[in-house]
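Working notes, structure below.
Numbers for residues simply follow the sequence, beginning at 1. Note that these values count all heavy atoms, side chains included, but never hydrogens, waters or copies made by symmetry. Ligands are counted one by one from 1 in listed order, and the atoms in each one are counted from 1 as well.
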Amino acid sequence: MTEPIEFIDPLSDEEGADQAADLFRSAYGQEPQGVWASPGRVNLIGEHTDYNAGLCLPIALPHRTFVAIRPRADTTVRVVSTLSPDSVTTADLDGLQARGVKGWAAYPVGVAWALRKAGYSQVTGFDAAFASCVPLGSGLSSSAAMTCSTALGLDGVFGLGKGDSDEGRLALIDAAIDSENNMAGASTGGLDQSASLRCREGHALLLDFRPGLTAQQSAHQEACDFSKYGLELLVLDTQAQHALNDGQYLSRRQACENAARLLGVDNLREVADEVNESADPASALEEVLAKLPDDVTRRRVRHVITEIGRVPQFVDAFARGDMEQAGRLMDASGDSLRYDYEVTVPELDTAVEVARSCGALGARMTGGGFGGSIIALVKEGTGRQVAQKIADAFAQKGFHAPRALSAVASASGHRVR
Ligand code: GLA
């Protein structure tokens with residue numbers, strides 16, 4: 001018999017704010033000016049589409065990263081986290097260059113660096129203390145939870161006035177992406193940061209990444225309550241190693257950019273719309289693929305085009321309450337990520353197979369892949385059993401013990417103290 005699988009509970013406002021503020025006091029001997037929190041996410045469908053100007057459908061998790069912040073008059077930044085409470089990392093914003101900070105501190109320091117670069121000269125140094133219940137490196141956007149909580153905190157303490165509106169938050173999202181891309185060296189696309197700062201409780205966020213859209217055009221709130229249909233969304237963190245800055249993610253992005261060039265378009269969304277809106281999408285897809293030089297490129301492009309097409313179908317099925325169809329689309333997305341985009345690993349494949357064999361309506365990996373988490377749409381009240389079955393299969397195969405959490409569509413980041 002395997003050990004009972006661990007379920008990760010979210011921290012309440014009170015608990016998270018206490019942990020971050022207590023650490024702040026013990027590290028810096030002062031009171032923070034305030035505490036902000038921003039969530040991790042799971043993406044329901046629309047994977048590896050954001051950097052192809054495509055569509056995604058994330059929900060925010062109830063699991064968040066909390067940051068206690070106090071501004072400084074100089075350009076020094078000090079950061080500390082509950083994971084290593086005795087080790088404060090220091091950086092200087094003055095003269096800081098891209099990739100100039102190493103380790104996890106790159107994420108928060110990079111946000112201040114990016115905001116200053118974008119013209120927010122009132123942003124100076126600061127002291128910050130982090131506490132989080134978003135599992136790290138699990139494909140649940142622990143990085144975005146950190147950069148977005150930092151962006152909200154800096155917005156608050158330096159009075160940028162961007163955090164109070166959805167439109168204003170776009171500037172904070174840009175700074176979070178810039179930090180992850182250019183300070184931390186993780187070539188993330190925008191899904192995670194948008195989810196962390198734009199999601200609404202009880203809703204999934206339909207994101208459209210076509211360039212040039214207004215805030216309003218680029219996001220729609222879609223009601224999302226699994227329990228209304230007698231279902232729950234199980235998230236299972238495989239604990240297989242996952243990192244976005246190890247080259248695999250970048251190589252997928254480059255394959256897509258290269259394919260767009262060969263097809264003579266700015267991004268794969270342009271071809272996706274033509275294919276998915278044509279009278280005969282299957283033949284239109286074959287025609288596009290025939291223009292590409294090799295099997296691998298064809299499969300990468302097939303994933304992106306079909307995945308963009310599945311997002312509105314999923315939204316439609318969900319809105320009609322056709323959860324069987326929503327589940328089938330999740331399965332199709334998962335299979336496309338496994339066989340065409342090739343971003344899964346044996347742990348993800350096993351978890352998905354076991355969830356499906358336990359009767360999940362749909363199951364697939366979520367996030368960037370190469371490790372990380374799966375999501376499974378299961379009957380309400382059965383999540384724990386399904387998770388345990390996956391843990392048993394993992395033990396048999398000699399994989400790391402997985403962890404689980406249950407996901408309800410939660411709110412985006414905000415001030416908690
Ligand atoms: C990671 C990236 C996102 C997105 C997903 C895949 O989470 O950070 O930008 O590309 O992978 O959908």
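- Between N43 and ligand 1, a contact under 3.5 Å exists for no N or O pair.
- The neighbour count for K228 NZ, taken as heavy atoms of other residues, nucleotides or ligands under 6.0 Å away, does not exceed 12.
- Between D192 and ligand 1, an N or O atom pair is found at a separation short of 3.5 Å.
- For ligand 1, none of its N or O atoms has an N or O atom of G46 under 3.5 Å away.
- If you number the atoms of ligand 1 from 1 as listed, the ones under 4.0 Å from a heavy atom of R41 come out as 7 (O).
- When ring centroids are compared, F130 and Y107 stay outside the 6.0 Å threshold.
- The distance between the ring centers of Y339 and H303 does not fall below 6.0 angstrom.
- Less than 4.0 angstrom separates some heavy atom of G190 from each of these atoms of ligand 1: 9 (O).
- Of all the atoms in ligand 1, the ones that sit under 4.0 Å from a non-hydrogen atom of T188 are 2 (C), 8 (O), 9 (O).
- A cation-pi contact links R384 to F7, judged by a cut-off of 6.0 Å to the six-membered ring centre and 45° from its axis.
- Formation of a donor-acceptor pair under 3.5 Å by the T214 side chain with backbone atoms of Q217 is found in this model.
- Counting heavy atoms of neighbouring residues, nucleotides and ligands inside a 6.0 Å radius, atom CD of E380 exceeds 12 of them.
- Against a heavy-atom cut-off of under 4.0 Å, Y249 is close to the following atoms of ligand 1: 1 (C), 2 (C), 3 (C), 4 (C), 9 (O), 10 (O), 11 (O).
- Numbered from 1 in the order shown, with element, the atoms of ligand 1 that lie under 4.0 Å from a heavy atom of D50 read 3 (C), 4 (C), 9 (O), 10 (O).
- Near Y51, with a cut-off below 4.0 Å to any heavy atom, the atoms of ligand 1 are 10 (O).
- Between L231 and the options L377, D225, T382, a side chain to side chain contact (heavy atoms under 4.5 Å, CB included) holds for only L377.
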